[in-house]
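Everything on this sheet refers to the single structure shown next.
When reading the values below, keep in mind they use all heavy atoms of this one structure, side chains included, and skip hydrogens, waters and symmetry mates.
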Amino acid sequence: MPSSCSIRALWILTNQDTVVFSRRFPVVEKRWWAACERDKSRMEDDLKYNVVPSLPTDSEIANAFVDHKKREGSARGFGIRINQSVEGSDSWVDDPITRHIISLCTKNEEEKNLVLWPLVLHIKGHYCILVLPLVEPDHLKTYTRMCKRSDCGNAVGADKSLSPLLLNLPSITGAFMVGHMIGDIITGDVTEPEIVISASPSVGGLLDSLTGSIGISARAKPVAAPVAGSTASGAATSGAMASDAPKIGLRSLDRDAIRSFISSAMPFGTPLDLNYTNISAVEINGFSSADIPPADQKQPAWKPYLYRGKQRILFTIHETVHAAMYDRDEIPDSKKISGQVNCRAELEGLPDVMFPLIGLDTARVELLSFHPCAQVPEHGNEKQSLMFSPPLGNFVLMRYQAFCGMGPPIKGFYQLSMVSENEGAFLFKLRLMEGYRAPLSMDFCTVTMPFPRRRVLSFDGTPSIGTVSVAEHLVEWKIITTGRGISGKSVEATFPGTVKFAPWQPQRLPTSGAVLGNMEDEESDAETESTNNMANVEDLLMEKMNKDLQAVDLEEPFCWQAYDYAKVSFKIMGGSLSGMSIDPKSVSIFPAVKAPVEFSTQVTSGDYILWNTLGKCPVAAIPKA
């Protein structure tokens, strides 16, 4: 089994199924064929699969990807075995991981199927990125056997299931990282983690509390600007070959940025450093004698330059709250927190930083992951000490998932009832920041009612607080606006009203094809029966409006019905909801140096959903402990 990540090839396709960029790594490909030769005797069995003799051309990859989407219903596929699944396909394996790790089939001159697997699929914007990592031939053999078996389903944690096999491979994890990084470069989403700092040096006490409460903050500048040009043509290595399809989809600047990044980050197919900031800084500035560390110290890969200037350390805990609020006795509300500790350490030399992370136990943390620069001992007490050798610029020191230690910041209910075919009556009754005390303050709060398949003509209603605006497919209620935040008190907000839509125009839109099967025929039978039996006028109206709605792909979980939810957006400053914290006075630097330490927190909403109490809503059963 490969002990590290190596990439055989990667491809970038547009949503028109055209390969616009590809890169193959012959050094890694030779390792694959050497492994196949070693296992040749074991590979010649009755499994009836063929290994691709050479990596397919870009046109062959494009054709195979089109066939995959037709066979699986979409680029990601079903992830489970359904009636339309065929033997040998990804969905036949009956494992959700096949929505992210797929196979492509090509044909040789004898019209035999050739399998290319595992291909890590990452979709970003209008592009699909396929990354082919190096695995052992035995892994391909195991996958092919799963594609042929007659039974379906996997017991949780079973040895023969696909998910545990792949998720334990470093090459799969690395391929996902490569795919995500290339997707960010293509779409221009290469940004550093946000660090919230005070506008003036911290003096502590009452003044800090006052300035923090009025939102005096700024974002730290990145270490280096993104690559504006490229010298990749001169930096290309002999261990990699690039082939470009006709120039559609990617601008020449994007191509140069990708070539340059690959040549520096993974020149022979083995990722060395996927940090785009580091790669850009090296390409722009090069090295000088001043960047050479002392002879007795080893310079880590994540710090190619030594910082020089005024010294300080900045910490920001950024938490995102995800919630599903049902307001139903039979369905409990759900809320969770995903958080990260962002850091910027402007320190000269190669120092180590250590500090106790407060609240690790009381936060009921479920998952923890750390930056490679961190040294993490076994934890078991309230204050977990963490030591790290900081890289340059802003970086994520730690990520975690935790339960919310406090009540939901916004609680209440949302109701929407259709009073006619083109008019609905709604009611919001919410409480904001109930049970929250200073220094926690809500910077802003907005509630959005989306109507993706109906055009809004007008609305009538006056909220008890805030303002309302209307767009073509949504109604937006701004309860609290930036600069008028609330702190140390709770606020009750109500909003009754009606909304009128343009006349309904049924339209048959293309769906995911095989997912629906013969649903249209079933709907025509169900419509006759339901029309005869319905006594409730509201149910009749909803049935009439929803019968022609497009079935939504799995990537759009909150558009399952037309009028099911409202989404809340907010920001809370002054503390974390999980209880995680850092004491700036407890931060130690080795060797000792005088450097101020600043700490801030920020809580924002993720998918914070208020489900329509009067409508349908999806819910997952939670196993009891």
The test is side-chain contact (heavy atoms from CB on, under 4.5 Å); show your working for K478 and F444 and say whether it passes.
CA-CA 8 Å; K478 294 183 179 179; F444 73 86; over 6 Å; no
Yes or no on side-chain contact (heavy atoms from CB on, under 4.5 Å) for L430 and I479, after CA distance, side-chain angles and deciding distance? CA-CA 10 Å; L430 307 175; I479 304 176; 4.1 Å; yes
For M177, the side-chain contact (heavy atoms from CB on, under 4.5 Å) test, sequence neighbours excluded, returns L274
- Between the side chain of N394 and the main-chain N/O of R344, is any donor-acceptor distance below 3.5 Å? no
dist M433:CE -> S441:OG (nearest 0.5 Å) comes out at 6.5 Å
All heavy atoms of G485 vs all of I480, minimum pair found to be CA-CG2, 4.0 Å
| task | Return yes if some donor-acceptor pair links the side-chain N/O of Q602 with the main-chain N/O of V196 below 3.5 Å, else return no. | result | no
Sequence neighbours excluded, the answer for side-chain contact (heavy atoms from CB on, under 4.5 Å) partners of H126 is N15
**Prompt:** Could you walk me through whether F370 and F388 pass the ring-ring contact (aromatic ring centres under 6.0 Å, His included) check?
**Reply:** CA-CA 10 Å; F370 298 89; F388 63 99; over 10 Å; no
Which of Q401, H322, E366 passes side-chain hydrogen bond (donor to acceptor under 3.5 Å, both in side chains) with K336? Answer is E366
Smallest heavy-atom separation, T448 atom then P450 atom, equals O-CD, 3.3 Å
Practice problem: Answer yes or no: is there a donor N or O on one side and an acceptor on the other, between the side chain of Y400 and the main chain of I337, under 3.5 Å? | Solution: no
Applying salt bridge (Lys or Arg N to Asp or Glu O under 4.0 Å) to D189 and not counting sequence neighbours gives K124
Problem - Intermediate values then yes/no, side-chain contact (heavy atoms from CB on, under 4.5 Å), I102 and L130 - result: CA-CA 9 Å; I102 67 173; L130 297 175; 4.0 Å; yes
Please confirm whether the backbone N or O of F590 pairs with a side-chain atom of D352, one donor and one acceptor, at under 3.5 Å? no
Tightest non-hydrogen contact, residues I129 and G179, listed as CG2-CA, 4.1 Å
Residues at least two apart in sequence or cross-chain that pass side chain to side chain donor-acceptor pair (under 3.5 Å) with T270, listed by chain then number, are S6
Original post:
Is the closest side-chain heavy-atom distance between V321 and S605 below 4.5 Å?
Top reply: no
- Task: For atom NZ of K303, decide whether the heavy atoms of other residues, nucleotides or ligands shown that lie under 6.0 angstrom number more than 12.
- Result: yes
Enumerate, atom names and distances included, each donor-acceptor pair closer than 3.5 Å involving a side-chain atom of residues 569-576, sequence neighbours excluded.
from, atom 1, to, atom 2, distance (Å)
S576, OG, G579, N, 3.3
S576, OG, M580, N, 3.1
S576, OG, M580, O, 2.7

Applying side-chain contact (heavy atoms from CB on, under 4.5 Å) to K489 and not counting sequence neighbours gives I486
Sorted by chain and number, sequence neighbours left out, side chain to side chain donor-acceptor pair (under 3.5 Å) with Q311 holds for none
In this structure, CG of L386 is separated from CG of L357 (nearest 0.5 Å) by 7.0 Å
Closest non-hydrogen atoms of F315 and C343, given as atom of the first, atom of the second and distance, are CE2-SG, 3.7 Å
Across all chains, not counting sequence neighbours, the ring-ring contact (aromatic ring centres under 6.0 Å, His included) partners of W11 are none
Residue set satisfying ring-ring contact (aromatic ring centres under 6.0 Å, His included) with F395, at least two apart, ordered chain then number -> H371
The single option from L134, V120, V135 that satisfies side chain to side chain contact (heavy atoms under 4.5 Å, CB included) with S171 is V135
Hits for side chain to side chain donor-acceptor pair (under 3.5 Å) against N275, two or more places apart or cross-chain, chain-then-number order -> none
On a heavy-atom basis, the closest approach of I185 and A257 is CG2-CB, 4.1 Å
Query - N/O donor-acceptor pair under 3.5 Å between R99 side chain and L121 backbone - result: no
Can V447 and I410 be said to form a side-chain contact (heavy atoms from CB on, under 4.5 Å), step by step? CA-CA 10 Å; V447 177; I410 291 94; over 6 Å; no
- Within the side chain of S263, is there an N or O that forms a donor-acceptor pair under 3.5 Å with the backbone of R259? yes
Sequence neighbours excluded, the answer for side-chain contact (heavy atoms from CB on, under 4.5 Å) partners of D583 is I358, K585, S586
Worksheet item: Are any side-chain N or O atoms of E348 and backbone N or O atoms of G309, one a donor and one an acceptor, separated by less than 3.5 Å?
Response: yes
Residues passing the side chain to side chain donor-acceptor pair (under 3.5 Å) test with S490, sequence neighbours excluded, are R431
